[in-house]
K.L.:
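After the structure tokens below, expect a handful of questions from me.
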Amino acid sequence: VEFASDNTAGVCPEVLDALLAESSRPGPAYGDDPTSKRLGSLVAEAFEHEVAVYPVSTGTAANSLALAATSPPWGGVLCHDEAHVVVDELAAPTVLSGGLTLHRLPGDHGRIDPAALTDVAVRADHGVHTVPFSALSLTQSTEAGTRYTADEIADLAGAAHAAGMVVHMDGARFANAVAATGASPAELSWRAGVDVLCLGATKGGALAAEAVVVFDPGRAPHLDRHRKRTGHLLSKQRLVSAQLLGWLQDDAWLRHADHANAMAARLAEVVTSRRLTLLHPVETNMVFLDLSPEQEAVLGSTGAAYYPRPLRSGRVEARLVTSWSTTVSDIDRFADALDGVGLGDRA
Ligand SMILES: Cc1ncc(COP(=O)(O)O)c(C=O)c1O
């Protein structure tokens, strides 16, 4: 059974249909096309705000370009200790911005501790010697599969703005957070103080499509230039825009995210009813298990695909991710496999 990532899923029908339709005709290059314009209008409608939208094809590019536009090359970006931007992007934000640095903040279950943010925001300033913190980066939903509520975002964003920072959101799984909280896209972004959102569609069912959504152009100037000079302005951008359009239209993005979340909830029920321990609350589409090395070896013997990671405690984290394409029968087969290897006690 496939739980390695939501990246391992294929492309959802809505995106494929939109791609095929766009591909059946020629169109202007470099984003100067009707589909990209329609995408801009649809994102503005979905977020109830004027926006500038920059489609790119990876989340790393989206985050790096957004941060490059919000920060000077000598700026500092605050992010969670486990944030993708600092753990999984091989310093791409530093390279693409010409030098910004990333600074890690603690916090339980993937969420930045507001006290930790306040502490660093008021540290001593040694003038030209000090890295000025220029941006706060929040991941929604978090790397631990939890989500920030609109109030939690507003608290963190308020503190960041008060300290002169811009607020960036890595929304690789933003859709899952919207579906899980029931809050609107606006409530979880600009209304709570987010200035730039990297809206990820790839994990949610696109082929390769992410949109940098700028709510306040004054806080992320020259994004178009950053995108071009790093080689991320696609001549056939309309095919990326078409993916995003197909994904957003008629709320397909939220339906798929809701489904992935429901599958994770079902998966959580399967493991907790066998008395296996969760590392984090299951709030979106990821389930994290806290296993002994022996239990993890047994889990591996089921043949299920997931991400194991050794923990400092000597135990092993197993990350299982559901997607738009996970089925109830996938979860049932996994439950049978657990019973087959005798992992966990049935409650
Ligand atoms: C939180 C988060 N942000 C961004 C990304 C985007 O990564 P990529 O550059 O592989 O598309 C990922 C993918 O794993 C992610 O989990």
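One-based numbering, in listed order, for ligands and for the atoms of each. Because the structure is a prediction, the values reported are computed rather than measured.
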K.L.:
Which residue supplies the protein heavy atom nearest to atom 7 (O) of ligand 1, what is that atom called, and how far is it?
P.N.:
His84 CE1, 3.4 Å
K.L.:
Do Thr58 and Thr60 have side-chain N/O donor and acceptor atoms under 3.5 Å apart?
P.N.:
no
K.L.:
Relative to the heavy atoms of Glu143, which atoms of ligand 1 are at a distance of less than 4.0 Å?
P.N.:
1 (C)
K.L.:
Looking at side-chain heavy atoms only, is the closest gap between Phe174 and Pro185 below 4.5 Å?
P.N.:
yes
K.L.:
Quick one: closest heavy-atom pair of Leu244 and Pro55, and the distance?
P.N.:
CD1-CB, 4.0 Å
K.L.:
Could you give me the CA-CA distance, side-chain angles and deciding distance for Phe3 and Tyr307, then say whether ring pair (Phe, Tyr, Trp, His ring centres under 6.0 Å) is met?
P.N.:
CA-CA 8 Å; Phe3 296 126; Tyr307 257 23; over 10 Å; no
K.L.:
Go through it in stages, so that I can follow the logic: the residues are His256 and Glu14, the test is side-chain contact (heavy atoms from CB on, under 4.5 Å), and I'd like the CA-CA distance, side-chain angles, deciding distance and then a yes or no.
P.N.:
CA-CA 10 Å; His256 286 313; Glu14 294 86 347; 2.9 Å; yes
K.L.:
Flag Lys203 as yes when one of its N or O atoms lies below 3.5 Å from any N or O atom of ligand 1, and as no otherwise.
P.N.:
yes
K.L.:
Taking distance alone, with no angle check, do Thr60 and ligand 1 share an N/O pair under 3.5 Å?
P.N.:
yes
K.L.:
Looking only at distances, please establish whether an N/O atom of ligand 1 is found under 3.5 Å from an N/O atom of Thr139.
P.N.:
no
K.L.:
What atoms in ligand 1 come closer than 4.0 Å to a heavy atom of Gly59?
P.N.:
6 (C), 8 (P), 9 (O), 11 (O)
K.L.:
Name the closest protein heavy atom to atom 3 (N) of ligand 1, giving the residue it belongs to and the distance to 0.1 Å.
P.N.:
Asp170 OD2, 2.6 Å
K.L.:
Is the gap between the ring centers of His259 and Trp324 under 6.0 Å?
P.N.:
no
